[in-house]
Amino acid sequence: FTFQTLTAADGSFTFPAVYEGAYTADIGAWGWQGACPPDLVVNGAAIPNWVVELEVGYADDFALDLGWQVSATAPRGVWERGGPAGTMYQGEVANPYADVPGDCRDKAYITGNSGGSASSADVDEGGTLLTSPVFDATGLEDAHIRYSYWFFNAGGSSTPDDALRISLTDGVDTVLIQEVPAPFSASEWRFSNIRIADHIQPTTAMRLLVYTEDLEPNGHLLEAGFDQFAVVPNATTQVAEGHQEETLHIWPVPATGTC
């Protein structure tokens, strides 16, 4: 059984009578850190008094629908929110089988999330765009955007040439903050931590745009995923114990310049 409720302006909420049992609970609102507390046990006809405190901050692990928008020119492979339905291509994972571990529940935004064969619902003959709700990045010291992404590009009648592009807009200007081209395709979730001021001045009316497109006429297998979005202060990160170092890639080839 599933029950839903919305809080009043003061945060109070009520449920109708619910069946006895143990329930999972997902709690969230745009502009607040979500929560998924331990199972709630209901022993009577109504949920007892219950207080859950949310921390202020923009974050979304997609356990709930907090208002992201999806548009597309592609007839299939459009962004959708749900538990990933994995697919395989020549021994590699094309569409992920699970979302990023450690967040609430098992949902993420995935392109063409129907399972089956790798070619049954990948992005084809166009593109698909995922757009965040508006957020205010001015109240944080040295604001950063954090997220995890999936990008897989293979197959086709020529060398794969698609990309995943992630941008920020302030409502007037739009800037690219990360591009993942075909040579960086991989069967894994990857983490990004992007300093907003390196690309655009933080404002009170920002949105994140996540776009991928199957370039024609040489269509390739194209799958993308997006999870664990957050807007946070400063660049402090921790690397999990046992983390494997990434291989350094140079692109384009030949390349010029120094580092």
Side-chain angles (χ1 to χ4, degrees), residues 6 26-35 54-74 77-82 84 99-100 103-105 107-113 123 126-151 162-181 184 189-214 222-235 237:
L6 294 175
D26 295 306
I27 305 156
W30 187 247
W32 299 83
Q33 305 279 344
L54 302 183
E55 295 182 12
V56 175
Y58 295 97
D60 200 347
D61 53 19
F62 306 117
L64 297 170
D65 181 359
L66 299 184
W68 291 66
Q69 300 173 2
V70 172
S71 60
T73 58
V78 176
W79 286 110
E80 55 184 285
R81 175 180 153 269
D99 74 334
V100 178
D103 64 357
C104 288
R105 310 306 168 218
K107 292 181 174 60
Y109 266 96
I110 305 292
T111 55
N113 191 35
V123 184
T128 182
L129 174 66
L130 176 65
T131 304
S132 77
V134 173
F135 60 89
D136 181 356
T138 61
L140 298 175
E141 181 181 355
D142 194 21
H144 283 62
I145 299 288
R146 292 182 183 172
Y147 53 83
S148 293
Y149 68 90
W150 179 285
F151 177 67
D162 304 321
L164 177 67
R165 297 180 178 89
I166 301 174
S167 305
L168 276 173
T169 180
D170 60 7
V172 178
D173 298 317
T174 300
V175 296
L176 183 70
I177 63 171
Q178 184 174 20
E179 181 173 14
V180 188
F184 294 95
W189 286 102
R190 291 172 166 174
F191 173 76
S192 287
N193 183 43
I194 308 292
R195 183 173 184 259
I196 294 177
D198 286 343
H199 303 273
I200 193 172
Q201 182 67 29
T203 72
T204 60
M206 310 200 79
R207 292 180 186 265
L208 187 78
L209 313 174
V210 188
Y211 181 73
T212 192
E213 179 182 11
D214 179 47
L222 172 58
E223 298 284 9
F226 189 78
D227 200 9
Q228 284 192 326
F229 168 83
V231 185
V232 298
N234 66 58
T237 60

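All values reported here derive from a predicted model rather than from experimental measurement.
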Check your understanding: How long is the span from the CD atom in E223 to the CD1 atom in I110, to the nearest 0.5 Å?
Key -> 8.5 Å
Exercise for review: Would you give the length of the straight line joining atom CG of D170 to atom CD1 of I200, rounded to the nearest 0.5 angstrom?
Suggested key: 4.0 Å
**Study point:** Main-chain N/O of A224 paired to Y149 side chain as donor or acceptor, under 3.5 Å
**Key:** no
Point to revise | D173 CG to L168 CG distance, which is reported to the nearest 0.5 Å | key: 11.5 Å
Study note, to complete from the structure: When every non-hydrogen atom of A108 is compared with those of D99, the smallest separation belongs to CB-CB, 3.9 Å
Practice item. Please report the closest heavy-atom contact between V100 and D103, naming both atoms and the distance. Key: O-OD1, 3.2 Å
Exercise for review: Would you mind reporting whether L222 and T111 have side-chain heavy atoms less than 4.5 Å apart?
Suggested key: no
Point to revise | P181 versus A163, closest heavy-atom pair with distance | key: CA-CB, 4.0 Å
Exercise for review: Apply side chain to side chain contact (heavy atoms under 4.5 Å, CB included) to S71 and list each qualifying residue two or more places apart in sequence or on a separate chain.
Suggested key: L129
Point to revise | F229 CZ to R146 CZ distance, which is reported to the nearest 0.5 Å | key: 12.0 Å
Point to revise | Under 3.5 Å: donor-acceptor pair, side chain of T131, backbone of L209 | key: no
Revision key, fill the gap. When every non-hydrogen atom of V78 is compared with those of A72, the smallest separation belongs to CG2-CB, 3.6 Å
**Study point:** Minimal non-hydrogen separation, I177 against I194, with atom names
**Key:** CB-CG2, 3.9 Å
Practice item. Run the numbers on F135 and I145 for side chain to side chain contact (heavy atoms under 4.5 Å, CB included), then give the verdict. Key: CA-CA 11 Å; F135 60 89; I145 299 288; 3.7 Å; yes
Practice item. Taking side chain to side chain contact (heavy atoms under 4.5 Å, CB included) as the test, write out the residues that go with L176, two or more places apart. Key: R165, S167, E179
Review point. Roughly how far, to the nearest 0.5 Å, is SG of C104 from CD of Q228?
Key: 9.5 Å
Exercise for review: Not counting sequence neighbours, which residues clear salt bridge (charged side-chain N to carboxylate O under 4.0 Å, His left out) with R81? List them please.
Suggested key: none
Check your understanding: With side chains defined as the heavy atoms from C-beta onward, is the minimum distance between Y147 and I166 less than 4.5 Å?
Key -> yes
Practice item. Can you run down the salt bridge (charged side-chain N to carboxylate O under 4.0 Å, His left out) pairs that involve residues 198-210, sequence neighbours left out, and say none if there aren't any? Key: R195-D198
Practice item. Would you check, one step at a time, whether the test side chain to side chain contact (heavy atoms under 4.5 Å, CB included) holds for Y211 with T128? Key: CA-CA 6 Å; Y211 181 73; T128 182; 5.9 Å; no
Exercise for review: Can you label the angle between the W30 ring and the W68 ring as parallel, tilted or perpendicular, going by 30° and 60°?
Suggested key: perpendicular
Review point. Do M206 and Y58 come within less than 4.5 Å of each other through their side chains, counting heavy atoms only?
Key: no
Check your understanding: What heavy-atom pair brings A137 and P202 nearest, and what distance separates the two atoms?
Key -> O-CB, 3.6 Å
**Study point:** Any donor-acceptor N/O pair, Q33 side chain to E55 backbone, under 3.5 Å
**Key:** no
Practice item. State the CG-CD distance between D162 and E213, to the nearest 0.5 angstrom. Key: 8.0 Å
Check your understanding: Do F184 and R190 come within less than 4.5 Å of each other through their side chains, counting heavy atoms only?
Key -> yes
**Study point:** Partner set under salt bridge (charged side-chain N to carboxylate O under 4.0 Å, His left out) for D26, not counting sequence neighbours
**Key:** R105
Check your understanding: Quick one: ring-ring contact (aromatic ring centres under 6.0 Å, His included) partners of F151, sequence neighbours excluded?
Key -> none
